[in-house]
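In this text the structure is predicted, and so the values were computed from the model without any measurement. These numbers come from the heavy atoms of this one structure, side chains and all, not from hydrogens, waters or symmetry mates.
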Amino acid sequence: MAVALTDGIHVAETLARAGILRPSRPDRALRAIVGLHRFGPTLAAGYLGAAARYPDAPAIVDERGTLSFSEVDRRTNALARGLAGHGIGPGDAVALMCRNHRGFVETSVACSKLGAHAVFLNTGFAGPQVSEVVARENVSGIVYDEEFGPAVAGARQGRLGVLAWQEAEAPGADTPLAAEVSGVDTPPAAEAPGPDTTLEELIATRVDTPLPAPVSAGRAVILTSGTTGTPKGANRPNPSSLSPVAAILSVIPLRARQTTLIAAPLFHAWGYAHMLLSTSLSATLVLRRRFDPCDSLAAIAEHRVNALIVVPVMLQRILEAGSDAIQASDTSSLSVIAASGSALPGPLAERVMDAFGDKLYNLYGSTEVAWATIASPADLRAAPGTAGRPPRGTVVRILDDQGQEVAGQATGRIFVGSELLFEGYTGGGDKDRHAGLMATGDVGHFDAAGRLFVDGRDDDMIVSGGENVFPAEVEDLLAAAPGVREAAVVGVPDAQFGQRLRAVVSLVPGAEVTEAELQEHVRRHLARYKVPREIVFMAELPRNATGKILKRELH
């Protein structure tokens, strides 16, 4: 009882500090409370509450303009009725293959109001992957952007097809940078059937009155990154309370009614988490369909953005735009830069904070466990490369192969416990669990101050000549070398040592660095057996659509 009371007080204090709990007109506050009671802590309730409290405030800003919270509420009512008119109801699944724009948000909210499940497709999927996921998840309808028409063509057989975004330019006309972080390997143009309807048609032809709450809430199905195989669908539960929101806000100082630019893909767990969090904060979302570093800087200045949500490679590209480009845009409104989705190298974190101030927060987690730890700017300054500390309500343990907690700062498997652990893969199967904790699939250690360091995937450990090497410390060291843009380390077969270390390095344009110089750089800082036996230079490291390096392509 005492613990529950203490937790409740902490949640209330945190939400009040963030501005979520604040005085409001009684009629508006009542409508927000009724929405939360009807739908629970879901996207539907979030937009109902925001529309009740701040009806005329901007909710979404994208290339098509601005929508207020009341407009989003009414439009998603109509959209939900339009989907229902095509036979989609509670428990059915709707797949989204969209970039970051209003259509993604509105479809997700409409599914929440219907009690339908939203399946988020990676915009880098080719046709066979789309068909496989859509069949496995028993999808009834697909909402997609025009450029992905060829990719969804096969999967649309016998299913509703709804066009979310139509554009004049040719499909897949990404810059190399945009393709890298928001949709690699976009399928080539091919003959594809036209849509059955469009989002705007569904909205325009239906009444926009409120819907009754569904018997059970719909869920978000987020796909794993697929860096080690076919992407799996992770069944994400809806939060049972506002405690998870308070946990994030107790570390990352996001505030109500701020403006947030979500550059990370919305189909990814990190982007989706902030879309969901924005509803609690009644935040204005600034969205761009394709990431471009200079455009992002300009958007921050134009819309006075307070929080920038990214994957780490986006920070790398923003810095590469150069100091002149950074200084040309007024970024003084930024109070938070939040990164997740892949490892944040220590040298990159320091360079970002040197350029923008100590506003950088690094969240470590996974699609399956949600978050595990958060590193504050102070953590990143004191211990570059750290993943931070567990927020309130989250437990992180380092266990050995027998399930026992390791002593001191020893390395072991990372296990996490919280109320947001996923409920298993939609196609069957689960993560390894132990005493209520779930494996992240990574290995790591705590330092003396209690900060977590992720040493690598538990299957990434390289055994060379009987010595265990985890790639992360070698990668961070190489990334800090003059002239190095980014680096990855893998183990390749070796007749003498079993495995040898291969480093794959991308250099800063114009830099001239040799293999021998980088090997000597590592040798000066680490044990001899951690020095890569070979270093391969590439112009770009291969990445998936969320910025993770595809190490399977480096062997």
Are E553 and K548 within salt-bridge range, i.e. N to O under 4.0 Å? no
Pair R102-L287, side-chain contact (heavy atoms from CB on, under 4.5 Å): steps then yes or no: CA-CA 8 Å; R102 63 181 63 188; L287 303 175; 5.8 Å; no
Is any side-chain heavy atom of W165 closer than 4.5 Å to one of R99? no
Yes or no on side-chain contact (heavy atoms from CB on, under 4.5 Å) for M538 and L554, after CA distance, side-chain angles and deciding distance? CA-CA 10 Å; M538 297 180 66; L554 304 178; 4.0 Å; yes
Distance, nearest 0.5 Å, that separates CD1 of I222 from CG of N122: 12.0 Å
Enumerate the salt bridge (Lys or Arg N to Asp or Glu O under 4.0 Å) contacts for residues 114-128, please, sequence neighbours excluded, ordered by first and then second residue. none
Over all heavy atoms of both residues, which pair between A439 and R413 is shortest? Give the atoms and the distance, please. CB-NH2, 3.9 Å
Rounded to the nearest 0.5 Å, what separates atom CG in L501 from atom CD1 in I462? 4.0 Å
P471 versus V489, closest heavy-atom pair with distance: CB-O, 3.5 Å
Under the side chain to side chain donor-acceptor pair (under 3.5 Å) rule, collect the residues that match up with Y144, sequence neighbours excluded. R156
Just by modelled atom types, is the L550 backbone N or O under 3.5 Å from a matching donor or acceptor in the N544 side chain? no
Could you go step by step and tell me if H274 and L254 meet the side-chain contact (heavy atoms from CB on, under 4.5 Å) rule? CA-CA 11 Å; H274 279 276; L254 299 168; 4.0 Å; yes
Donor-acceptor pair, distance only, cut-off 3.5 Å: does the side chain of R500 make one with the backbone of P493? yes
Nearest atoms (heavy-atom pairs only) where A217 meets H117: O-CE1, 4.4 Å
How about D494: does its CG atom have over 12 heavy atoms from other parts shown lying under 6.0 Å from it? yes
Under 4.5 Å between any side-chain heavy atoms of I374 and I248, yes or no? yes
If we ignore angles and hydrogens, is there a donor and acceptor under 3.5 Å between the side chains of T386 and D379? no
Got a sec, which residues hit ring pair (Phe, Tyr, Trp, His ring centres under 6.0 Å) with F446, two or more places apart in sequence or on another chain? none
Under 4.0 Å between a side-chain nitrogen and a carboxylate oxygen: does that hold for R289 and D145? no
Are E540 and R317 close enough for a salt bridge, meaning some N to O gap below 4.0 Å? yes
Mind checking ring pair (Phe, Tyr, Trp, His ring centres under 6.0 Å) for F453 and listing every partner two or more places apart, or none if nothing turns up? H445
Working to the nearest 0.5 angstrom, can you tell me the gap between R219 CZ and S112 OG? 12.0 Å
Rounded to the nearest 0.5 Å, the NZ atom of K530 sits from the CZ atom of F470 at a distance of 9.5 Å
Mind listing the closest non-hydrogen atom pair of A487 and I549 along with its distance? O-CD1, 4.3 Å
Would you confirm whether Q129, through its side chain, and A126, through its main-chain N or O, come within 3.5 Å as a donor-acceptor pair? yes
Donor-acceptor contact present, side-chain E368 to main-chain F422, <3.5 Å: no
Side chain proximity check, P391 to V251, heavy atoms < 4.5 angstrom: yes
Interatomic distance, CG@L43 vs OG1@T76, rounded to 0.5 Å, equals 10.0 Å
Checking F104 against F267 for the ring-ring contact (aromatic ring centres under 6.0 Å, His included) test, could you report, in this order, the C-alpha distance in whole Å, the side-chain angles of both residues, the deciding distance, and whether it holds? CA-CA 9 Å; F104 191 111; F267 66 74; 7.7 Å; no
Is L199 close to L79 at the side-chain level, that is, under 4.5 Å between some pair of heavy atoms? yes
Any donor-acceptor pair under 3.5 Å from R288 side chain to L261 backbone: no
Any side-chain heavy atom of R457 within less than 4.5 Å of one from D442? yes
Grab the two heavy atoms, one from M97 and one from F125, that are nearest each other, plus how far apart they are. CE-O, 3.6 Å
List in chain and number order the residues that pass side-chain contact (heavy atoms from CB on, under 4.5 Å) with D476, two or more places apart in sequence or in another chain; answer none if no residue qualifies. P345
Could you walk me through whether L202 and H86 pass the side-chain contact (heavy atoms from CB on, under 4.5 Å) test, one step at a time? CA-CA 10 Å; L202 289 179; H86 284 272; 3.8 Å; yes
Non-hydrogen side-chain atoms of V130 and F148 separated by less than 4.5 Å: no
Does R451 use its side chain to pair, donor to acceptor, with the backbone of A375 at less than 3.5 Å? no
Are the side chain of S131 and the backbone N or O of P128 linked by a donor-acceptor pair below 3.5 Å? no
Side chains of L281 and L249, heavy atoms from C-beta outward: is any pair under 4.5 Å? yes
Under a 4.5 Å cut-off applied to non-hydrogen side-chain atoms, are L348 and Q316 in contact? yes
Let me check something: any side-chain donor-acceptor pairs from residues 394-408 under 3.5 Å, sequence neighbours excluded? List them with distances.
| residue | atom | partner | partner atom | Å |
| --- | --- | --- | --- | --- |
| T394 | OG1 | W371 | NE1 | 3.4 |
| D400 | OD1 | Q402 | N | 2.9 |
| D400 | OD1 | G403 | N | 3.0 |
| D400 | OD1 | Q404 | N | 2.8 |

Give the minimum heavy-atom separation between W270 and L363, together with the two atoms involved. CZ3-CD1, 3.7 Å
From L420 atom CG to M438 atom CE, the distance as rounded to the nearest 0.5 Å: 11.0 Å
Assess the side chains of T440 and Y364: does a donor N or O sit below 3.5 Å from an acceptor N or O? yes
Using atom types as modelled and distance alone, determine if a side-chain donor or acceptor of N100 lies under 3.5 Å from a backbone N or O of L266. yes
Where the side chain of T373 meets the backbone of A387, is there a donor-acceptor pair that is under 3.5 Å apart? yes
